[in-house]
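Working notes, beginning with the structure itself.
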Amino acid sequence: SLGAIGLLSASMVATACDKQAIPMHKTAAATTDSAVAPVVAGQFVASAPYARAVAPGQPNSAIFVQLENKDSKAHALVKATSTVAGAVELHNHVNEGGVMKMRQVEKIDLPAGKTVALKPGSFHVMLIGVKKPLKAGESVDLTLTFEDGTSLATSVPVKEISAPMH
């Protein structure tokens with residue numbers, strides 16, 4: 001039975017950011033139920049953030065957010081921090097030989113005048129070793145740091161994201 005629990009845990013970790021297991025989400029422009037107002041720091045705007053709720057025993061989660069660079073030059077997100085996890089990393093999904101795999105990245109490029117969606121199946125902020133289960137209706141702290149030294153702090157609501165019915 002320990003093998004089955006290990007397999008189930010590995011499966012849950014793998015689906016923490018699995019595009020296939022997550023229903024499609026509205027874009028920031030179409031979202032009307034977001035309880036968090038956009039947060040501005042310098043030329044950066046973070047809007048429509050949310051974190052995935054996790055069950056007890058599941059060690060990882062992810063945060064998704066829309067990041068707008070209002071500057072006339074390109075910038076990059078280079079770091080994320082939160083007190084709810086042992087480690088916080090920037091991640092992306094990549095296709096390796098027909099298999100989607102999650103990989104840590106050093107930065108997420110933010111083109112001049114554009115909005116970049118950190119979303120399931122793409123770029124996201126990975127919470128590794130969450131200190132307690134993240135429950136829908138709660139919120140978590142998140143600080144984003146950009147290559148120019150600007151920091152943006154926000155509160156991120158936790159939402160229940162379930163796999164689609166088969």
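Numbers here simply count residues along the sequence, with the first being 1.
- Under a 4.5 Å side-chain heavy-atom cut-off, the cluster of Ile, Leu, Val, Met, Phe, Trp and Tyr residues that includes Val78 has no other member.
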Go through the steps for His93 and Arg103 under the test side-chain contact (heavy atoms from CB on, under 4.5 Å), then give the verdict. CA-CA 6 Å; His93 276 95; Arg103 295 283 183 248; over 6 Å; no
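- With Phe64 as the aromatic partner, Lys119 does not meet the cation-pi criteria of under 6.0 angstrom to the ring centre and within 45 degrees of the ring axis.
- Considering every non-hydrogen atom in both Asn95 and Val99, the closest pair reads OD1-N, 3.4 Å.
- With values rounded to the nearest 0.5 angstrom, Glu89 atom CD is found 9.0 Å from Asn60 atom CG.
- Scanning both residues, Val116 and Pro111, for their nearest heavy atoms gives CG2-CD, 3.7 Å.
- The NZ atom of Lys79 sits 6.0 Å away from atom OG1 of Thr145, with the distance rounded to the nearest 0.5 Å.
- Placement of Leu110 and Val105 within a single hydrophobic cluster is found when ILVMFWY residues are connected by side-chain heavy-atom separations under 4.5 Å, directly or transitively.
- Counting heavy atoms from C-beta on, the side chains of Val156 and Val158 never come closer than 4.5 Å.
- Residues Lys73 and Asn69 come closest through the heavy atom pair O-ND2, 3.0 Å.
- Heavy atoms from other residues, nucleotides or ligands lying under 6.0 Å from CD of Glu106 number 12 at most.
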Does the salt bridge (charged side-chain N to carboxylate O under 4.0 Å, His left out) test come out yes or no for Glu160 and Arg52, once each step is laid out? CA-CA 6 Å; Glu160 189 67 45; Arg52 286 184 64 112; over 6 Å; no
Donor-acceptor pairs under 3.5 Å, side chain of residues 125-139 to any protein atom, not counting sequence neighbours: which ones?
from   : atom 1 : to     : atom 2 : distance (Å)
Lys131 : NZ     : Thr83  : O      : 3.1
Glu138 : OE1    : Lys135 : N      : 3.1
Ser139 : OG     : Ser155 : OG     : 3.3

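- Pro38 and Val45 make their closest contact through CB-CG1, 3.9 Å (heavy atoms, listed as atom of the first residue, atom of the second, distance).
- A donor-acceptor pair under 3.5 Å is formed between the side chain of His124 and the backbone N or O of Ser122.
- In terms of heavy-atom proximity, Val65 sits nearest to Ser47 at CG2-O, 3.4 Å.
- Between the CG atom of Leu118 and the NE2 atom of His91 there is a distance of 12.0 Å, given to the nearest 0.5 Å.
- Between Leu152 and Ala46, the shortest heavy-atom contact is CD2-CB, 3.7 Å.
- Within the 3.5 Å criterion, the main-chain N or O of Asp141 finds a donor-acceptor partner in the side chain of Ser82.
- Applying the ring pair (Phe, Tyr, Trp, His ring centres under 6.0 Å) criterion to Phe44, with sequence neighbours excluded, gives His75, Phe146.
- In terms of modelled atom types and a separation under 3.5 Å, the side chain of Asp71 and the main chain of Gln43 share no donor-acceptor contact.
- Residue Leu144 holds its CG atom at 8.0 Å from OG1 of Thr81, rounded to the nearest 0.5 Å.
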Determine, stepwise, if the pair Gln104 / Asn92 fulfils side chain to side chain donor-acceptor pair (under 3.5 Å). CA-CA 6 Å; Gln104 183 178 5; Asn92 192 13; over 6 Å; no
